[in-house]
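Report on the following structure.
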Amino acid sequence: MLIRTGRDGHTHPLSSEITPHAVWQQRRELMRLMAGGAAGAALATWAGRQALAQVQRPGKLAALPGARSSVAGAATMEKTTDYKDAASYNNYYEFGTDKADPAKNAHTLRTTPWTVEVDGVVKKPGKYALEDLLKLSAQEERIYRLRCVEGWSMVIPWVGYSLSHLVQRVEPLGNAKFVEFHTLADRATMPGIRSSVLDWPYIEGLRLDEAMHPLTLLAYGMYGEVLPNQNGAPVRLVVPWKYGFKSAKSIVKIRFTEQMPKTAWNKAAANEYGFFSNVNPDVDHPRWSQATERRIGEDGLFAKKRKTLMFNGYEAQVGQLYAGMDLKKNY
Ligand code: MTE
C-alpha cells in the first residue's frame, strides 16, 4: 500500500489443485532445489533484505484437536517464498509504514489472552477465546499467492481453516449481507496508531458470499508455525483472489451487517481502493498499472516481472461470484 503524496454461487477448490501434503512437500523440495541452482547467479537486492536476514520465528503450532487435512490452493507448483522474506517485508501500518517496520516493531503486540467477538445481525453472537476459536475446525495448510496492490506478490503456506466454518456456526440472519473485520488498535503497543495515515481501527469487509467461499481462510499459522506478529498474529484473514489489504491482520471482531462496510483503505482514498479489490490485471490503479507483478525473492538484477492473473489465478473458483458485475466500476 502506498501513502498518497501530493497532499498530505460457491465452488470448492478444483480437485486438480487439492494435493496430498506429502506430495506437495516433495514438489516444494524439488522446486526449491531447482530454484536454488538458477538463483545462484542472481543478486538479491531489495532494500531491507540483508538487514533483516535473521528473523525471529515464534515456533511450532500447538497440536490441535481434529484431523489434520491439507488443501493446497492454486499456487502449489510455484516455489514458496522464503520464510524470512514473508516475515520481514510486511504491511502492517499499526507498526509503521516502512516494509521493514513491522518485523522491527511488532514484538510489542500482546497476543495472549486474545478474544474475537462476533456480533451484528447474527443468531449466535458471542466472544470466542482464541483457543476455542481455533478448535472450531480442523487446521489445513493452504499455499496461496498473496498479491499486493503495490505490485509485488508472494506464495505462502498458510495454516488455518475456511472462515465459512465459523460463519455457519454463528448463523447470520437473513438480512446479513456483509461481514466486517475489526482489527486491534492499541495505542500502548502499536506505535503506528499515532499516525493519521489511516482511520483506526483498520477495518476490512467482504460480501457474505465471499466470506463463505471455501478459499477464504481464517489463518493462525504459516510455514507450519504460529503466525509471527508482523504477519497478523494471532489470527488474520487471507483472501487470495483479492489485493493483500483485504487480508486483515490481528482480528478482534467479526461483525455481520446489512450495509457495505466502510473499510480503512476505502475511507482513505475511495478512488484508489474500492470495496471489492479483486486482483485484476485489466483495471489499473489510478496511479499505476496492475498488469504485472514482482515476486518477492525473484528480484535479482535479471528477474522479469510476472503477468498478474485475473483474480490472482483463482478465477475458476471465484469468477462466478461476480457474474454480471462491471468489474471496472466495482473495483
Ligand atoms: N491488517 C492490518 N491490521 N493493518 C495493515 O496495515 N496491511 C494489509 C494486510 N492487512 C494491514 C493489514 C496489506 S496492505 C497487506 S499487502 C497485507 O496485510 C500484508 O500481509 P503480509 O505482511 O502477511 O504479507
Side-chain angles (χ1 to χ4, degrees), residues 1-4 46 48 52 55 58 80-106 109 111 114 116 142-160 180-186 189-193 195-206 217-223 225-254 261 263-269 272-273 277 279 285 290 293-297 312:
M1 199 65 63
L2 296 186
I3 305 172
R4 284 156 70 90
W46 58 272
L52 283 158
V55 192
T80 49
T81 301
D82 280 352
Y83 180 94
K84 71 171 181 339
D85 291 341
S88 64
Y89 189 84
N90 301 105
N91 279 326
Y92 195 166
Y93 275 25
E94 289 85 337
F95 293 102
T97 54
D98 190 273
K99 295 284 174 287
D101 284 344
K104 271 191 284 185
N105 299 332
L109 177 68
T111 56
W114 193 273
V116 177
R142 308 251 187 107
I143 307 161
Y144 284 165
R145 294 186 197 95
L146 188 94
R147 165 63 159 86
C148 180
V149 75
E150 294 164 340
W152 51 266
S153 61
M154 302 197 200
V155 178
I156 297 180
W158 300 103
V159 180
E180 245 174 53
F181 302 88
H182 295 225
T183 72
L184 185 71
D186 178 24
T189 55
M190 298 173 134
I193 300 275
S195 144
S196 57
V197 60
L198 288 175
D199 193 9
W200 313 107
Y202 189 104
I203 290 178
E204 255 313 331
L206 295 173
L217 193 71
L218 196 65
Y220 44 87
M222 62 182 215
Y223 300 81
E225 301 181 9
V226 177
L227 277 181
N229 288 356
Q230 59 270 30
N231 289 87
V235 62
R236 68 173 287 172
L237 207 59
V238 188
V239 193
W241 70 95
K242 293 181 180 275
Y243 289 115
F245 65 93
K246 299 297 286 184
S247 294
K249 294 176 169 181
S250 308
I251 294 168
V252 290
K253 187 184 286 189
I254 298 177
T263 63
W265 280 104
N266 186 248
K267 276 196 273 182
E272 301 193 10
Y273 310 112
S277 297
V279 174
H285 181 278
Q290 294 288 18
E293 67 201 52
R294 183 173 66 91
R295 178 65 50 84
I296 298 297
N312 205 20

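First listed ligand is number 1; within each ligand, the first listed atom is number 1.
Residues Tyr223 and Thr80 bring no donor and acceptor atom of their side chains to less than 3.5 Å of each other. Between the side chains of Arg295 and Ser153, at least one donor N or O sits under 3.5 Å from an acceptor N or O.
Annotation: Trp152 places no N or O atom under 3.5 Å from an N or O atom of ligand 1; distance criterion only. Checked by distance only, ligand 1 and Trp158 stay at 3.5 Å or farther apart across all their nitrogen or oxygen atoms. Checked by distance only, ligand 1 and Glu94 come closer than 3.5 Å through their nitrogen or oxygen atoms. For ligand 1, none of its N or O atoms has an N or O atom of Gln230 under 3.5 Å away. Geometrically, ligand 1 and Tyr89 share no nitrogen or oxygen pair separated by less than 3.5 Å.
Residue contacts with ligand 1 include Arg236, since one or more of its heavy atoms lies under 4.0 Å from the ligand. At least one heavy atom of Ser247 sits less than 4.0 Å from an atom of ligand 1.
Ligand-side atoms of ligand 1 in range of Thr183: 3 (N), range being under 4.0 angstrom from any heavy atom. Atoms of ligand 1 lying under 4.0 Å from any heavy atom of Tyr93, numbered from 1 in the order shown and given with element: 5 (C), 6 (O).
Using the six-membered ring where Trp is involved, Phe95 and Tyr92 have ring planes that are perpendicular, over 60° apart on the 30 and 60° scheme. A tilted orientation is assigned to the rings of His285 and Tyr273, their planes being inclined by 30° to 60°.
Judged by distance alone, the side chain of Lys246 and the main-chain N or O of Gly205 form a donor-acceptor pair under 3.5 Å. No donor-acceptor pair closer than 3.5 Å links the side chain of Ser277 to the backbone N or O of Lys242.
For the side-chain contact (heavy atoms from CB on, under 4.5 Å) with Lys249, the qualifying choice from Asn90, Thr183, Asn229 is Asn90, the only one to do so.
Residue Asn90 touches ligand 1 through backbone and side chain together, judged by heavy-atom distances below 4.0 Å. Using a 4.0 Å cut-off between heavy atoms, Tyr202 contacts ligand 1 through its side chain alone, with no backbone atom that close. When non-hydrogen atoms are compared, ligand 1 lies under 4.0 Å from neither the backbone nor the side chain of Val149.
Of all non-hydrogen atoms in Asn312 and Trp241, the two that sit nearest each other are CB-CA, 4.1 Å.
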